[in-house]
*Asks:* 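One structure coming up, written as structure tokens, with questions to follow.
We count residues from 1, following the sequence as given.
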Amino acid sequence: MTSPSLLQGNSLAARDAKSLIHAYTNLSTHLTDGPLIIETGKGINVFDENGKEYIEGLAGLWCASFGFGEEELIEAAIQQMRKLPFYHSFASKSTQPGIRLAEKLLEIAPAPFSKVFFANSGSEANDTVVKLVWYYNNSRGLPEKKKIISRQKAYHGVTVAAASLTGLPPLHNDFDLPIKNILHTSCPHYYRYGKDGETEEEFAARCADDLEQLILKEGPDTVAAFIAEPIMGAGGVIIPPATYFEKIQAVLRKYDVLMIADEVICGFGRTGQMWGSQTFDIQPDILSCAKALSSAYLPISAVMVSQDIFDGMVKQSEKHGAFAHGFTYSGHPVPAAVGMRTMELMEERNILGHVRHVSKRFNERFNALADHPLVGEVRSMGLIGAIELVADKKTKRSFDPKYKAGPKTAQAMQDAGVISRAVAGDNLALCPPLIITESEIDEMFDRFTKGLDDVAAMAFRENWQEV
């Protein structure tokens with residue numbers, strides 16, 4: 001955190017406060033506290049303007065899979081910039097990097113997809129998904145079958161439709177969201193919503209029944225699709241209970257409801273397989289991905305669709321003269337070239353094998369935090385995880401929001417030299433670059449634990465556990 005004195009004069013911090021709007025930031029507090037200004041990055045580390053080093057424990061925003069300063073990706077961008085710095089994909093125009101990356105995505109996809117559409121962010125990809133679902137059902141002569149079901153605590157982006165799919169109230173409050181035809185079913189968080197004596201499988205069955213009852217209430221002829229992250233990211237790193245997706249997909253098939261996999265966070269090795277859909281045996285009709293597609297070095301996202309959906313798109317484009325959707329930078333050749341090199345490096349360096357190896361240590365260190373006095377639950381898989389802070393471990397009672405336990409803990413961890421993130425309340429997440437080593441995992445968790453211990457001491461002094 002920047003000293004208030006630095007917000008005076010012409011410092012970078014002062015200029016920031018005067019000129020920038022920051023995402024997911026308390027704008028009032030930022031005007032007095034200012035930013036953490038990151039100057040450089042190398043490997044899993046970033047350095048602020050004063051030279052202080054941090055382990056980037058969230059890979060930026062769940063995205064910098066190859067860390068910082070990967071020369072192969074930098075060189076891929078430079079070479080493509082020199083060859084063709086921009087071109088578009090409108091009106092049957094194309095470029096070699098876009099074609100190659102589309103082919104590669106179809107080759108490694110977790111389901112037999114037919115085509116790829118490129119966008120620039122996970123939010124744009126998921127907005128596109130919504131439009132494609134509606135477009136497809138219009139092509140089928142099903143103009144009423146338009147409702148899309150998401151889940152409470154889901155995160156699917158911040159554009160109008162994507163934020164509507166998101167099941168977190170702050171993204172709706174005073175933005176006049178969600179829009180029409182977006183619904184939310186129960187959150188599959190066993191620790192928080194499982195009943196006493198209920199097994200994971202029984203809880204999963206209850207979640208599937210909640211979904212079925214919602215479909216029946218709305219009318220199966222009005223429900224078009226269900227969207228889910230394999231592991232819910234910003235909602236708290238929520239790992240689905242055993243048999244959850246098996247039971248959910250049975251309901252979807254019963255009522256002709258499309259399965260959409262949001263692989264924006266889980267895609268490209270995060271769970272130890274290329275896709276979270278493979279980890280949880282999801283068979284999607286549509287898949288959205290972004291973030292690690294280019295290791296976040298340049299903005300790019302993609303939507304993959306089944307042959308049936310593409311056939312519907314072709315039918316509608318014949319009807320109207322064109323498929324009237326796209327972005328100026330869809331398939332931009334420079335991000336596509338970086339994305340292609342990212343996919344190649346994953347294979348050349350056996351990143352999946354590396355993740356499977358080091359994730360054992362990652363999960364051991366996470367699980368060791370279960371006995372900490374502030375920790376109610378530990379959730380982790382592959383190289384993604386979170387702890388949930390509680391005031392009472394036995395009753396699972398959360399801290400009073402006035403104590404801001406999550407944000408204060410994230411700040412304490414940052415002070416200790418590891419960047420984490422407080423998500424969905426008092427959950428502290430880690431999602432480091434996939435290139436992290438076992439020794440770096442140990443150092444990351446040592447710092448993470450130091451921050452947690454510092455907050456525990458603060459909570460004891462200030463009696464945060466009061467009822």
Side-chain angles (χ1 to χ4, degrees), residues 1-5 7 22 24-36 52 54-55 57-58 152-153 167-171 173 187 189-196 232-239 364-380 385-431 442-467:
M1 185 178 295
T2 302
S3 167
S5 63
L7 293 184
H22 284 261
Y24 289 94
T25 297
N26 183 314
L27 300 181
S28 176
T29 301
H30 183 79
L31 292 175
T32 56
D33 291 351
L36 171 67
K52 181 177 178 179
Y54 305 84
I55 293 174
L58 208 76
Q152 298 296 335
K153 293 194 177 181
L168 297 169
L171 277 80
N173 296 340
C187 173
H189 188 183
Y190 179 62
Y191 173 78
R192 275 293 164 202
Y193 304 118
K195 296 179 179 178
D196 289 344
M232 300 173 78
V237 187
I238 298 168
I239 299 170
E364 285 173 2
R365 290 299 303 262
F366 249 125
N367 290 333
L369 294 172
D371 293 332
H372 193 280
L374 293 190
V375 176
E377 186 188 26
V378 174
R379 305 181 288 273
S380 68
I387 57 172
E388 181 162 342
L389 307 182
V390 293
D392 189 315
K393 292 170 73 80
K394 184 176 180 179
T395 65
K396 306 179 186 179
R397 178 170 58 86
S398 299
F399 284 104
D400 189 311
K402 71 182 180 182
Y403 293 115
K404 300 180 180 179
K408 286 182 179 178
T409 304
Q411 182 61 51
M413 290 170 175
Q414 182 173 298
D415 293 342
V418 61
I419 296 176
S420 175
R421 188 179 177 195
V423 292
D426 296 336
N427 294 278
L428 279 301
L430 286 175
C431 180
D442 282 333
E443 179 62 27
M444 178 176 68
F445 274 99
D446 289 348
R447 299 180 187 188
F448 190 83
T449 304
K450 165 102 172 37
L452 189 59
D453 289 344
D454 289 346
V455 170
M458 182 191 306
F460 178 78
R461 289 195 306 270
E462 299 177 4
N463 193 27
W464 289 9
Q465 281 88 354
E466 65 179 350
V467 177

*Asks:* Do Arg447 and Ser420 have side-chain N/O donor and acceptor atoms under 3.5 Å apart?
*Replies:*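 Absent: no donor and acceptor within the cut-off.
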
*Asks:* Rounded to the nearest 0.5 Å, what separation is found between the CZ atom of Arg379 and the CE atom of Met232?
*Replies:* 10.5 Å

*Asks:* Could you give the distance from CZ (Arg421) to CG (Leu430), rounded to the nearest 0.5 Å?
*Replies:*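 Reported to 0.5 Å precision, the distance equals 13.0 Å.
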
*Asks:* Decide yes or no on side-chain contact (heavy atoms from CB on, under 4.5 Å) for Phe448 and Ile55, but give the supporting numbers first.
*Replies:* CA-CA 10 Å; Phe448 190 83; Ile55 293 174; over 6 Å; no

*Asks:* State the CD-CG distance between Gln152 and Leu168, to the nearest 0.5 angstrom.
*Replies:* 8.5 Å

*Asks:* How far does CG of Asp415 sit from NZ of Lys52, to the nearest 0.5 angstrom?
*Replies:* 5.5 Å

*Asks:* Rounded to the nearest 0.5 Å, what separation is found between the CD atom of Gln411 and the CD1 atom of Ile419?
*Replies:*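 Those atoms lie 10.0 Å apart.
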
*Asks:* Are the side chain of Arg397 and the backbone N or O of Asp392 linked by a donor-acceptor pair below 3.5 Å?
*Replies:* no

*Asks:* Which atoms form the tightest heavy-atom contact between Asn367 and Ser380, and what is the distance?
*Replies:*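 Nearest heavy atoms, Asn367 then Ser380: OD1-OG, 4.5 Å.
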
*Asks:* Inspect the contact between Lys396 and Glu388 and indicate whether a charged nitrogen and a carboxylate oxygen are less than 4.0 angstrom apart.
*Replies:* no

*Asks:* Does a side-chain N-to-carboxylate-O contact under 4.0 Å join Arg365 and Asp446?
*Replies:*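 Yes, charged N to carboxylate O under 4.0 Å.
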
*Asks:* Are the side chains of Ile239 and Tyr191 in touch, meaning some heavy atoms are under 4.5 Å apart?
*Replies:* no

*Asks:* Looking at every heavy atom in both Tyr193 and Cys187, which two are closest together, and how far apart are they?
*Replies:*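 Reported closest heavy-atom pair: CD1-O, 3.6 Å.
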
*Asks:* Quick check: does any side chain N or O of Lys393 sit under 3.5 Å from a backbone N or O of His372, one acting as donor and the other as acceptor?
*Replies:* yes

*Asks:* Considering all heavy atoms of both residues, which atom of Ser398 and which atom of Ala391 are nearest to each other, and what is their separation?
*Replies:* O-CB, 3.9 Å

*Asks:* Looking only at heavy atoms, what is the nearest atom pair of Ala422 and Gly425, with distance?
*Replies:*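 Residues Ala422 and Gly425, closest heavy atoms: CB-O, 4.1 Å.
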
*Asks:* Val455 and Ala412: which non-hydrogen atoms are nearest, and at how many Å?
*Replies:* CG2-CB, 3.6 Å

*Asks:* Measure across Ala459 and Leu374 and return the closest heavy-atom pair with its distance rounded to 0.1 Å.
*Replies:*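 Shortest heavy-atom separation between Ala459 and Leu374 comes out as CB-CD2, 4.5 Å.
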
*Asks:* Assign the ring pair Trp464 / Tyr403 to parallel, tilted or perpendicular, where the plane angle (0 to 90°) is split at 30° and 60°.
*Replies:*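 Trp464 and Tyr403: parallel rings.
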
*Asks:* Evaluate side-chain contact (heavy atoms from CB on, under 4.5 Å) for Val237 paired with Asn427, printing each intermediate quantity in order.
*Replies:* CA-CA 8 Å; Val237 187; Asn427 294 278; over 6 Å; no

*Asks:* Between Ile387 and Leu452, does a side-chain contact (heavy atoms from CB on, under 4.5 Å) hold up when you go through it step by step?
*Replies:* CA-CA 10 Å; Ile387 57 172; Leu452 189 59; 3.9 Å; yes

*Asks:* Give, for atom OG1 of Thr29 and atom NE2 of His22, the distance between the pair rounded to the nearest 0.5 Å.
*Replies:* 13.0 Å

*Asks:* Verify side-chain contact (heavy atoms from CB on, under 4.5 Å) between Asp33 and Asn26, making sure each step is shown before the conclusion.
*Replies:* CA-CA 10 Å; Asp33 291 351; Asn26 183 314; over 6 Å; no

*Asks:* Please check if atom CZ in Phe460 has more than 12 non-hydrogen atoms from other residues, nucleotides or ligands closer than 6.0 Å.
*Replies:*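 Counting neighbours around CZ of Phe460, 12 or fewer heavy atoms of other residues, nucleotides or ligands fall under 6.0 Å, so no.
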
